[in-house]
Amino acid sequence: MNADSLYEDITYEIDAAAAVITINRPERYNAFRGKTVEELIKAFRAAWADTRVSAIILTGAGDKAFCTGGDVKQRAETGDYGPTESGMFEIGYLHKLIRDVPKPVIAAVNGIAVGGGHVLHVLCDLSIAAEHATFGQAGPRVGSFDAGFGSAYLARVVGEKRAREMWFLCRRYDAATAERWGLVNYVVPAEKLMTEAKAVAAEIAEKSPTALRFLKHSFNADTDHQAGLSNLAMSALEIFVHTDEGMEGARAFAEKRPAEFGRYVTA
């Protein structure tokens with residue numbers, strides 16, 4: 001069953017016991033705008049309510065990018081992430097929804113997972129990467145940050161030193177390194193990525209859904225307090241991106257030049 005007619009920026013499909021959610025903006029390396037986030041929320045809620053669905057697979061269209069985070073070109077052009085039905089940019093709610101949906105979420109990382117796209121895969125319960133996938137954070141390079149789940153929870157996954165390295169240096173890491181760090185569960189050839197993700201979803205479908213629901217909530221309980229950090233961080237980010245410093249990062253990215261952040265250093 002395909003429900004693509006309900007969406008513009010994503011596709012949503014039921015395949016056996018899996019809901020497959022695909023960010024479908026390959027021309028923007030699957031970067032998300034406000035509308036994309038709104039449609040992702042709608043799709044995750046649909047998968048939550050669908051009793052046929054045992055697991056959810058999140059991936060990106062094409063073979064270049066899983067997701068490259070917020071659409072910085074859109075932000076440079078309009079100063080925001082574009083219009084939404086709600087009038088809000090609800091990325092924080094999407095983060096919480098990925099954690100709260102009582103079904104395992106599998107990230108099938110088919111290419112670049114950077115910035116806010118990297119945060120999405122980190123929040124998924126399991127991550128399977130294609131051999132050519134790359135990983136990293138980019139916020140400080142483009143005048144942005146995620147001081148909530150994207151940093152605090154990342155530190156739980158890879159450790160404090162690795163998480164700080166990823167945010168402070170904004171380097172890219174290959175799939176083998178990501179697997180070695182525990183950032184992904186395992187790596188497969190690109191042509192086998194979705195087959196493997198669906199096979200994992202089929203394994204999950206054989207398990208007790210009530211047991212899995214309780215287990216997911218139990219795993220989350222230890223870090224649920226980070227939702228408060230996320231709310232604080234998103235409120236701060238909403239202010240920061242409209243400052244001269246925040247806009248310099250977006251403009252530099254759009255103009256393909258190094259950002260001039262030196263004048264914003266304070267004592």
Side-chain angles (χ1 to χ4, degrees), residues 31-34 36-38 40-41 58 66-72 74-76 79-81 84 88-100 105 107 112-125 127 135-173 178 181-183 219-253 259 261-267:
F32 52 72
R33 55 181 176 169
T36 320
V37 171
E38 205 159 51
L40 286 169
I41 289 170
L58 177 64
F66 170 74
C67 177
T68 54
D71 191 334
V72 181
Q74 169 86 40
R75 183 157 69 86
D80 58 22
Y81 288 108
T84 62
M88 297 183 290
F89 180 57
E90 298 187 89
I91 188 64
Y93 179 72
L94 176 60
H95 290 173
K96 195 167 186 305
L97 183 56
I98 291 172
R99 285 170 58 87
D100 287 349
V105 181
I112 301 166
V114 69
H118 187 262
V119 174
L120 292 182
H121 109 81
V122 169
L123 286 168
C124 292
D125 299 292
S127 291
F135 302 82
Q137 292 299 156
R141 182 183 289 139
V142 297
S144 183
F145 58 83
D146 185 333
F149 284 121
S151 51
Y153 183 65
L154 176 64
R156 293 294 185 96
V157 174
V158 298
E160 286 278 350
K161 292 290 187 180
R162 295 297 192 192
R164 290 171 193 248
E165 176 184 329
M166 294 185 78
W167 275 103
F168 294 169
L169 303 183
C170 297
R171 293 174 178 172
R172 294 279 185 89
Y173 303 91
W181 285 8
L183 190 58
F219 283 124
N220 287 346
D222 187 49
T223 52
D224 269 349
H225 66 281
Q226 292 176 358
L229 293 175
S230 181
N231 290 339
L232 181 66
M234 292 303 169
S235 295
L237 183 60
E238 189 174 346
I239 297 170
F240 175 69
V241 295
H242 295 293
T243 66
D244 289 342
E245 183 179 350
M247 289 306 298
E248 165 60 15
R251 284 192 297 266
F253 180 85
F261 287 131
R263 64 180 179 273
Y264 300 108
V265 177
T266 57

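Heavy-atom basis, side chains included; hydrogens, waters and symmetry copies ignored.
- Taking the centre of each ring, W181 and Y173 come in below the 6.0 Å mark.
- Remark: E245 CD is packed, more than 12 non-hydrogen atoms of other residues, nucleotides or ligands lying under 6.0 Å away.
- With rounding to the nearest 0.5 angstrom, the OG atom of S151 is 7.5 Å from the CG atom of L229.
- Atom CG of D80 is separated from atom CD of E238 by 10.0 Å, given to the nearest 0.5 angstrom.
- The closest donor-acceptor contact from the side chain of R141 to the backbone of C170 lies under 3.5 Å.
- Crowding of F219 atom CZ: a count of heavy atoms from other residues, nucleotides or ligands under 6.0 Å not exceeding 12.
- From Y81, atom OH reaches atom CD of Q74 across 9.5 Å, with rounding to the nearest 0.5 Å.
- Ring planes of F149 and H95: perpendicular class, angle over 60° (limits at 30 and 60°).
- Shown here for A259 and A252, the closest heavy-atom pair between the two residues is CA-CB, 3.6 Å.
- The backbone N or O of G115 sits less than 3.5 Å from a side-chain atom of Q137, completing a donor-acceptor pair.
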Output, in order, the C-alpha distance, side-chain angles, deciding distance and verdict of side-chain contact (heavy atoms from CB on, under 4.5 Å) for M88 and E38. CA-CA 9 Å; M88 297 183 290; E38 205 159 51; over 6 Å; no

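- Of all heavy-atom pairs spanning D244 and R251, the tightest one is O-NH2, 3.9 Å.
- Residues M166 and R171 fail the side-chain proximity criterion, which asks for heavy atoms closer than 4.5 Å.
- Remark: L154 CG to E160 CD distance equals 9.5 Å, nearest 0.5 Å.
- Under the 4.5 Å side-chain criterion, counting only non-hydrogen atoms from C-beta, L58 is in contact with C124.
- Smallest separation of non-hydrogen atoms from G148 and A233: N-CB, 3.6 Å.
- Using a 4.5 Å heavy-atom threshold, the side chains of I112 and R172 count as touching.
- When the shell of 6.0 Å around CZ of R156 is examined, it contains more than 12 heavy atoms from other residues, nucleotides or ligands.
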Is there a side-chain contact (heavy atoms from CB on, under 4.5 Å) between M234 and F89? Walk through the geometry before answering. CA-CA 10 Å; M234 292 303 169; F89 180 57; over 6 Å; no

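- Side chain of W167 to main chain of P140: no donor-acceptor pair is present (N/O by atom type, distance under 3.5 Å, no hydrogens or angles).
- Rounding to the nearest 0.5 Å places OG of S230 at 12.0 Å from NE2 of H225.
- Ring-plane geometry between H121 and F66 is classed as perpendicular, the angle between the planes exceeding 60 degrees on a 0 to 90 degree scale with a lower cut at 30.
- Between F32 and I91, the shortest heavy-atom distance links the atoms CZ-CD1, 3.8 Å.
- Between A227 and K96 the shortest heavy-atom distance is CB-CE, 4.4 Å.
- Of the residues listed (I98, L94, L97), the one engaging L123 in a side chain to side chain contact (heavy atoms under 4.5 Å, CB included) is I98, and it is the only one.
- Counting all heavy atoms, side chain and backbone alike, S144 lies closest to L237 at OG-CD1, 3.6 Å.
- Counting only heavy atoms from C-beta outward, the side chains of V114 and F135 never approach each other to under 4.5 Å.
- Checking side-chain atoms of T243 against main-chain N and O of G246 turns up a donor-acceptor pair under 3.5 Å.
- Stacking of R99 on the aromatic ring of Y153 is recorded, both the 6.0 Å distance cut-off and the 45° axial limit being met.
- Separation of atoms CD1 (I41) and OH (Y93) is listed at 6.5 Å; rounding is to 0.5 Å.
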